[in-house]
Enquirer: 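First the structure, which I've put down as structure tokens, then a few questions once you've had a look.
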Amino acid sequence: MKNTKGEYPTFMLMDFFKKYFLRGLLISMPVVLTIYAIYLVFNFLGGLLPWENKVFNILIIICFILLIGFIGSSVIANPVKSYFKDLLERAPLIKTIYEAIKDLLSAFVGEKKRFDKPVLVKVNKHSELEKLGFITDEDLSELGLPGGKVAVYLPHSYNFSGNLFIVPKENITPIDKPAKEVMKYIVSGGVSEVKHEQAT
């Protein structure tokens, strides 16, 4: 039986379902996935120590990290750092892994942040293809490379990985936007909105 607009109730019900179900997905999925990611981190950290109470385990880990941070900023840490450095010198492979992880973390949360210069990179002279990335090193003399080139990190979309490219400076266009907004835009595959504010 048709309604006044000539539509069958079944089709109206399907339209209603599709419209609000998809809207519900858009609202709920980011929340659910964020909570799930926090849950996974909570479970992982809570399982690092032998006690059954995961909240207690996490509090112990936080206190331990705070203590390490405090000691690492004081004179007391110098002998420990020296001893640890000697151990790393005897194990070159472990040293390489340790220093790479340390430098990566420092690039994100350290005093000398490296992912703070968003740029647009022209892939080559014969193409209009361009990619978003971050300048991580402007002086490549230690690598024995000629001047006029910089290191640019190009993150992947929907992933926490990327590639490092060495490109001519003339192929670089600075982007006057906050680095975190550009990173979010890249990781989201271009669907996240970039806030219109000056880069800091």
Enquirer: Less than 4.0 angstrom from a charged side-chain N to a carboxylate O is my criterion; do Lys117 and Glu138 meet it?
Expert: yes
Enquirer: Using the rule that two of Ile, Leu, Val, Met, Phe, Trp, Tyr join whenever any of their side-chain heavy atoms come within less than 4.5 Å, decide whether Leu48 and Leu66 are in one cluster.
Expert: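 Result: yes, single cluster for both.
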Enquirer: Is the backbone of Tyr153 close enough, under 3.5 Å, to the side chain of Thr136 for a donor and an acceptor to pair up by distance?
Expert: no
Enquirer: What are the two closest heavy atoms between Ile60 and Leu49, and how far apart are they?
Expert: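 Heavy-atom minimum between the residues: CG2-CD1, 3.6 Å.
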Enquirer: Which heavy atom of Gly133 sits nearest a heavy atom of Pro155, and at what distance?
Expert: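 So the two residues come closest at CA-CD, 4.2 Å.
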Enquirer: Please check if the number of heavy atoms outside Lys131 that lie under 6.0 Å from its NZ is greater than 12.
Expert: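 No, NZ of Lys131 has 12 or fewer neighbouring heavy atoms, counting only those of other groups under 6.0 Å.
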Enquirer: Heavy atoms, side chains only, cut-off 4.5 Å: are Ile172 and Leu120 in contact?
Expert: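 No, their side chains stay 4.5 Å or more apart.
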Enquirer: Going from CD1 on Ile186 to CD on Glu181, what distance comes out if it is rounded to the nearest 0.5 angstrom?
Expert: 12.0 Å
Enquirer: Distance-only check: which donor-acceptor pairs under 3.5 Å involve side-chain atoms of residues 35-44, not counting sequence neighbours?
Expert:
unit_1, atom_1, unit_2, atom_2, d
Tyr39, OH, Asn43, ND2, 3.0
Asn43, OD1, Lys54, NZ, 2.8

Enquirer: Do Tyr185 and Leu132 have side-chain heavy atoms sitting under 4.5 Å apart?
Expert: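 Contact flag for Tyr185/Leu132 side chains = yes.
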Enquirer: Mind listing the closest non-hydrogen atom pair of Glu130 and Lys122 along with its distance?
Expert: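 Closest approach of Glu130 to Lys122, heavy atoms only: CG-CA, 4.0 Å.
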Enquirer: Output the distance between atom CD1 (Ile62) and atom CG (Asn57), rounded to the nearest 0.5 Å.
Expert: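 Those atoms lie 11.0 Å apart.
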Enquirer: Can you tell me how far CG of Leu45 sits from CG of Leu59, rounded to the nearest 0.5 angstrom?
Expert: 11.5 Å
Enquirer: Specify the closest pair of heavy atoms between Lys149 and Lys169, including all atoms of both residues, with the distance to one decimal.
Expert: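 Taking Lys149 first and Lys169 second, the nearest heavy atoms are N-CG, 4.2 Å.
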Enquirer: When you look at CD of Glu170, are more than 12 heavy atoms from neighbouring residues, nucleotides or ligands closer to it than 6.0 Å?
Expert: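 For Glu170, atom CD is crowded (more than 12 foreign heavy atoms under 6.0 Å).
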Enquirer: Could you work out, with ring pair (Phe, Tyr, Trp, His ring centres under 6.0 Å) as the rule, every residue matching Phe56, not counting sequence neighbours?
Expert: Trp51
Enquirer: Do the non-hydrogen side-chain atoms of Leu154 and Phe165 ever get within less than 4.5 Å of each other?
Expert: yes
Enquirer: Please give me the minimum heavy-atom distance between Val119 and Pro174, naming the atom from each residue.
Expert: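 That closest heavy-atom pairing would be CG1-CA, 4.0 Å.
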